[in-house]
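Data block below; observations after.
The structure presented is a predicted model; accordingly, all values stated were derived computationally and were not measured.
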Amino acid sequence: MTEPRRLFDCLNYHLERKPIADMLSAKINGSWKSYSTREVKDIVDQLSAGLLSLGIGPGDNTIEGKDKVALIAKNRPEWMMMDLAVQQIGAVLTPVYPTINVIDLEFILNDAKVKIIFVNDEELYHKVAAIKDRVPTLQFIFTIEDVNGCRNWTELLSLSDSANLARVQKIAATIQYEDLATIIYTSGTTGTPKGVMLSHRNILSNVLACIPCFPPGDNMRSLSFLPLNHVFERMVTYLYLFRGVSIYYAESMDTIADNLREVKPHMFTTVPRLLEKVYEKIMAKGADLTGVKRKLFFWAHSLATKFEINKNQGMAYNMQLALANKLIFSKWREALGGQLRCIVTGGAAAQVRLIRIFTAAGIPIMEGYGLTETSPVVSVNRYEVQDRMFGTVGPLIDGVEVKIAEDGEILCKGPNIMMGYYKRPDLTAESITDGWYHTGDIGQMVNNKYLKITDRKKELFKTSGGKYVAPLPIENKLKESRFVEQVIVVGPERKFVGALIVPSFSNLKDWARKEGVEEMDNNKLIHHPKVIQLYKDLIENFNKFFNHVEQVKKFELLANEWSINTGELTPKLSIKRKVIMEKYQDAIERIYLNAVAHSEE
């Protein structure tokens, strides 16, 4: 077979090279069920034929004319099978987050004129059924799990026949490299969702450019748990499929630890928030140790915080690190399955300290950068050590260009830049100038090789004294404390910088017990004088890393963690600043009440 030109070519590409027995696997009733490359290919073809029999297909082959198929489901083999089946008949998959609110769901289904939707289970079926009457184009709703009285996705397999199977091959042969492959609606932190149009070329160029960045070798396994409707996990999935890496789907976010031990993956993708959770669990276990074991744990941890990449720190340090690896870090790796060769993180800024510690512990973290509009990868730290640098998001991938605008904004050009926003030429024209996509991120090139993100353009703010403050580095520094779970820095048009802090209550309660503070609920705890003093000292300690204007002068502790369900986080666990600023307006006002004494001068 020639060089792949469409995403769905991954199946034939692999069948002709080295088909595997466990291309896609999921846990059903307590045991893992695997689909081989051949089984996946056969099911995908039958699904395509079934869709054609329902009248779903390429339409008149224009972007507007192609039939749109929506999918709202957790990560599972059926997700990818459906994706590939829709692609090869020239229809367009429009995936949706299972956590989406009904207002956005109704908007997306109408905006894309969706004809058919596949939902995971009964709960999501009812979510769609509640708005079905307000979506005139919607003809069919199928469930993936068995739901009484609902049509099941397996019906499509029985609708497949030889005539439609032949049509599938015919249509697939006409699909071009430049054709639209998917529309991904970005949840965004404000306004109505925008449909990002990505072609086969956009995503496939990204896949092929990223393959050399990953560990070499065959017979590798991955664990998948980041939502597949997010472009990061989906692009990496195509990469796995072209590489022949077996994909195992975690049962849920709550079972990741168990699934890691069962699957023993060689790699997985994550977002910094989940990486922080893993680290917190490791540190909590270390804190529970006593005597020599405890001393050894914190000695090893201290060594890891001093680790440098691409720099020999001398024989004494190397010998100590080797010992720490044997005694302590081997247990960390065991908890992650014992076979990990790398973890790829993206979606938000990861703490450099965490990347340093995990890398020292023999768990390389490859931090990358990109956006839905860039399909997504712009740059990534490579598996090969010489192409990794702490504090950066790595070298650019092949074929992608970056230039830094006068105001520091990162502009990006390449085959990975989206076709545009669906039905929004106005927004497309705003974000792409002469082929350069405006990312909205501020950054710089380090050593003419590594891209470094310093902040979000929209999040930079001016104090009332006219001084610019970048909140991201301050927040990331504060999150290094084991007592800080979440934080946002505030202060636009104010005299000084303040912070809203959600404590890490498990660590705070442990500390409080040792300090003789009676066990109490979160709300009482955050108002206790000893606790307030703890956070004052902590802030004081971190302020020395920043110039006078950037230092946090006052803060408010909050009793509840921010989450997707309560609206402060996007589905990929990024903070919605606008929502938090509105929701906690009173707390922000308290920071600046009677604050005449403080100023930035």
Side-chain angles (χ1 to χ4, degrees), residues 1-13 15 40-71 78-96 108-109 111-118 137-140 142 153 156-157 159-185 195-207 228-229 231 234-235 237-238 241-242 375 415 418-423:
M1 184 179 172
T2 53
E3 185 78 359
R5 302 289 287 169
R6 291 85 47 96
L7 293 166
F8 58 83
D9 286 338
C10 59
L11 294 174
N12 281 333
Y13 185 81
L15 266 178
V40 172
K41 169 70 177 149
D42 290 346
I43 293 170
V44 166
D45 286 347
Q46 286 172 30
L47 283 171
S48 291
L51 285 165
L52 287 176
S53 73
L54 290 176
I56 305 296
D60 63 7
N61 244 328
T62 62
I63 286 174
E64 286 275 12
K66 285 171 178 284
D67 288 334
K68 311 302 185 296
V69 178
L71 174 59
E78 296 88 344
W79 204 109
M80 281 315 296
M81 292 176 191
M82 196 61 68
D83 178 21
L84 297 166
V86 169
Q87 285 179 29
Q88 67 176 4
I89 55 165
V92 175
L93 192 79
T94 306
V96 183
I108 290 169
L109 297 184
D111 191 58
K113 293 190 165 55
V114 166
K115 276 194 179 177
I116 180 170
I117 187 166
F118 294 88
T137 55
L138 188 58
Q139 296 169 22
F140 308 100
F142 286 88
W153 75 284
L156 290 182
L157 304 177
L159 290 170
S160 165
D161 57 32
S162 55
N164 277 317
L165 280 168
R167 278 182 69 207
V168 171
Q169 302 313 316
K170 227 177 191 171
I171 295 169
T174 68
I175 294 168
Q176 303 297 308
Y177 188 47
E178 305 281 351
D179 284 354
L180 175 65
T182 188
I183 299 174
I184 299 175
Y185 282 83
V196 177
M197 297 187 289
L198 299 177
S199 65
H200 289 278
R201 173 183 186 247
N202 291 152
I203 303 173
L204 187 54
S205 68
N206 213 249
V207 168
L228 267 168
N229 44 281
V231 69
R234 192 154 157 219
M235 186 284 287
T237 297
Y238 299 131
L241 294 175
F242 278 105
S375 306
M418 66 169 178
M419 297 169 78
Y421 293 112
Y422 186 54
K423 298 200 287 201

Residue pairs meeting salt bridge (Lys or Arg N to Asp or Glu O under 4.0 Å), one or both in residues 173-185, sequence neighbours left out, come to E178-R201
Residues V69 and A91: closest non-hydrogen pair is CG2-CB, 4.4 Å
Full working for side-chain contact (heavy atoms from CB on, under 4.5 Å) between M80 and L241: CA-CA 10 Å; M80 281 315 296; L241 294 175; 4.2 Å; yes
In sequence, state the C-alpha distance, the side-chain angles, and the governing distance for K66 and N61, and then conclude on side-chain contact (heavy atoms from CB on, under 4.5 Å). CA-CA 5 Å; K66 285 171 178 284; N61 244 328; 3.2 Å; yes
Is any side-chain heavy atom of L228 closer than 4.5 Å to one of P95? no
Contact between V92 and V86 at the side-chain level, heavy atoms closer than 4.5 Å - yes or no? no
How would you list, by chain and number, every residue that makes a ring pair (Phe, Tyr, Trp, His ring centres under 6.0 Å) with F142, sequence neighbours excluded? F118
I need the minimum non-hydrogen distance between L84 and C10, along with the two atoms involved. CD2-SG, 4.0 Å
Should L71 and D83 be marked as a side-chain contact (heavy atoms from CB on, under 4.5 Å) after you check the CA-CA gap, both sets of side-chain angles, and the distance that decides it? CA-CA 9 Å; L71 174 59; D83 178 21; 5.5 Å; no
Interatomic distance, I117 atom CD1 to L109 atom CG [nearest 0.5 angstrom]: 5.0 Å
Name all pairs fulfilling the salt bridge (Lys or Arg N to Asp or Glu O under 4.0 Å) condition that reach into residues 41-50, sequence neighbours left out, sorted by first residue then second. R38-D42, K41-D45
Can you tell me how far CD1 of I89 sits from CG of D67, rounded to the nearest 0.5 angstrom? 7.5 Å
Donor-acceptor under 3.5 Å (T182 side chain, L198 main chain): no
If you take all heavy atoms of Q87 and I175, which pair is closest and at what distance? O-CD1, 3.2 Å
Which atom pair, heavy atoms only, marks the closest approach of A112 to Y422? CA-CE2, 3.8 Å
Taking the side chain as C-beta and beyond, is there a heavy-atom pair between Q88 and R6 under 4.5 Å? no
Can you tell me how far the CG atom of L156 sits from the CD atom of Q46, to the nearest 0.5 Å? 10.5 Å
Does the side chain of L15 come within less than 4.5 Å of L11's, by heavy atoms? no
Quick check for you: to the nearest 0.5 Å, what is the distance between W153 atom CH2 and M82 atom CE? 6.5 Å
Any side-chain heavy-atom pair of L7 and R234 under 4.5 Å: no
Taking every heavy atom of S48 against every heavy atom of V168, the minimum-distance pair comes out as CB-CG2, 3.6 Å
Answer yes or no: is there a side-chain heavy-atom contact under 4.5 Å between N229 and V96? no
Side chain N202, main chain S199, donor-acceptor under 3.5 Å: yes
Under 3.5 Å, side chain of D9 to main-chain N/O of R5, donor-acceptor pair present? yes
How long is the gap from CD1 on I56 to CD on Q139, to the nearest 0.5 Å? 6.0 Å
How close do I183 and G195 get, heavy atom to heavy atom, and via which atoms? CG2-CA, 3.7 Å
Donor-acceptor pair, K113 side chain versus K68 backbone, under 3.5 Å? no
Step by step, would you call F140 with L51 a side-chain contact (heavy atoms from CB on, under 4.5 Å)? CA-CA 11 Å; F140 308 100; L51 285 165; over 6 Å; no
Does M235 reach the side chain of V207, with side-chain heavy atoms less than 4.5 Å apart? yes
Report yes if some heavy atom in the side chain of Y185 is under 4.5 Å from a heavy atom in the side chain of D111; otherwise report no. yes
If we check side chain to side chain contact (heavy atoms under 4.5 Å, CB included) with M418, which of these qualifies: I203, V196, V231? V196
Short side-chain to backbone donor-acceptor contact, T137 and V114, under 3.5 Å: yes
